[in-house]
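Report on the following structure.
Treat the numbers as computed from the prediction; the structure is a model and nothing was measured.
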Protein chains: 2
Amino acid sequence: MDRITRDTVLDTAMRLVMESGIENLSMRKLAAELGVAVTSIYWHVGNRDVLVDQLVDRVIADMGAISVDGSTPVERVVSIARSCRRMILERPHLVGLVRERGLESLMMLPARKALVREMTAAGLRGARAGEAVQAVQYQIAGFVMLERALENSAAEPPAVDHWRGELALEDPELAASLSNVTDGDRLFVLSVRALVESLLG
Amino acid sequence: MDRITRDTVLDTAMRLVMESGIENLSMRKLAAELGVAVTSIYWHVGNRDVLVDQLVDRVIADMGAISVDGSTPVERVVSIARSCRRMILERPHLVGLVRERGLESLMMLPARKALVREMTAAGLRGARAGEAVQAVQYQIAGFVMLERALENSAAEPPAVDHWRGELALEDPELAASLSNVTDGDRLFVLSVRALVESLLG
DNA sequence: CCCACCGGTGTAACAGTGTTACAGAGCAAC
DNA sequence: GTTGCTCTGTAACACTGTTACACCGGTGGG
């Protein structure tokens, strides 16, 4: 009997997603949570797709500004990347959200401007600078997406590598480094720094 | 009436996936295609999840060997990465397949061995080499996953960047480079080369 | 005042999904 | 012949997104 609003629908949808993930959000559950029939939701938001789109927009809107620290350009770009990664990892529902829609690029919009500033500050101009920005963006987004995807399938079998035995004899430290469950932040910073140092050099 | 086999089930499932993608594969459609009831499929393969797992294993098994060209270590790693990317892009269904399961890491197994060889040939040892291998692996897989995800959502709105106007005044070539739909291969090779040069330097 | 309209809601259905309890064929072995 | 095993079919359960249609409450016009 209580009237609902497009905003109340989006609010409780957001709450449900943050509680139990996008994969457990259905129109019927949302309607039940609102104490209303399914058709009301369709009247207010139209579709499940536009509902998810609205949720993505909300999450991206509240991602806030990224922090830029460091004195050298490399350190500043690394700090941007790190801030980006932290911001995404702090929002576990975001990955599922943008995985359902195809809006991965929007994930990067706040960083883009900061990256352009740093690249030009480091002396890059024109297409060189543009490619550098895109390369770093792709690396950040790709890394985090992959990282999240891998951690969900952590129950993976040990992936019997037959050649790992012989490798362990030649360079046991290398074999151990490949077997270890990766320290995400360390590998991330290492990769970004390597890429940026090369791009700016 | 015709008896079916686990292999015939997997074969036609694979065919259906290659024809219309994993998202259009349902147990009922598969059963209909086989001219059999759903329960037979369940008896033979058990589950939809194990069915998809089997399909992933098949695709990975037929990925074959990667080619390694080039004289310098950097060029050889770039060639490995490029070969990997091509192999994945040639199998459009693979991305949907591994996106449904969480087995992204398996995507890289054939490349791993080659990367280890090149890194040690370039003089890297121990944890340094292991991290380098993982960094390149993450970059390849992340880049390709992101690339495929972006190309599916190409109908995206132009993403009104308010600051692009002022940027265009300062460095029009940079603005154009950021606006352009990215040339995937060029950006990929550029990124991998930059990363590897820095890791090996 | 009444009636028509419109915004919003509810009922019930359609078509599709994965999965399974259960009954039954066909065949081999004892 | 009867038992037992392998495999298949029927029919259902519990979901999903979506919609055709009826209804209810208010607001404005005649």
Select from A:Asn24 and B:Ser40 the residue whose nearest nucleotide in DNA chain D is closer to the 5' end of that strand.
->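 Whichever sits nearer the 5' end wins; that is B:Ser40.
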At what distance, to the nearest 0.5 angstrom, does [atom1] of [X] lie from [atom2] of [Y]?
X	Y	atom1	atom2	value
B:Glu23	B:Leu97	CD	CG	10.5 Å
A:Leu89	A:Glu147	CG	CD	5.5 Å
A:Arg85	A:Ile66	CZ	CD1	15.0 Å

Chi angles and distances behind the side chain to side chain contact (heavy atoms under 4.5 Å, CB included) call for A:Leu187, A:Ser191 | CA-CA 6 Å; A:Leu187 185 62; A:Ser191 302; 4.2 Å; yes
Could you run down the sub-3.5 Å N/O contacts of the protein with nucleotides 11-14 of chain C?
unit_1 : atom_1 : unit_2  : atom_2 : d
C:dA13 : N6     : A:Arg28 : NH2    : 3.1

Length of the line joining [X]:[atom1] and [N]:[atom2], which is rounded to integer Å:
X	N	atom1	atom2	result
B:Arg6	D:dC7	CZ	P	12 Å
B:Arg3	D:dC5	CZ	C1'	11 Å
B:Glu23	C:dG16	CD	P	17 Å
A:Met27	C:dA15	CE	C1'	17 Å
A:Ile4	C:dT9	CD1	P	5 Å
B:Asn47	C:dT17	CG	C1'	14 Å
B:Glu100	C:dG18	CD	P	9 Å
B:Trp43	C:dT20	CH2	P	15 Å

Are more than 12 heavy atoms from other residues, nucleotides or ligands located less than 6.0 Å from atom CZ of B:Arg82?
->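 Counting neighbours around CZ of B:Arg82, 12 or fewer heavy atoms of other residues, nucleotides or ligands fall under 6.0 Å, so no.
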Give a yes or no on this: more than 12 heavy atoms of other residues, nucleotides or ligands lie within 6.0 Å of atom CZ of A:Arg128.
->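 Count not over threshold, so no.
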Taking C-beta and beyond as the side chain, do B:Arg91 and B:Asp62 meet within less than 4.5 Å on heavy atoms?
->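 B:Arg91 vs B:Asp62: side chains touch.
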Hey, does B:Leu25 reach any base, or is it just sugar-phosphate, or nothing, if we go heavy atoms under 4.0 Å?
->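 Sugar-phosphate contact only - B:Leu25 comes under 4.0 Å of backbone atoms but never of a base.
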A:His44 vs C:dG7: side-chain N/O to OP1/OP2 distance below 4.0 Å |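 A:His44 to C:dG7 OP1/OP2: no side-chain N or O under 4.0 Å.
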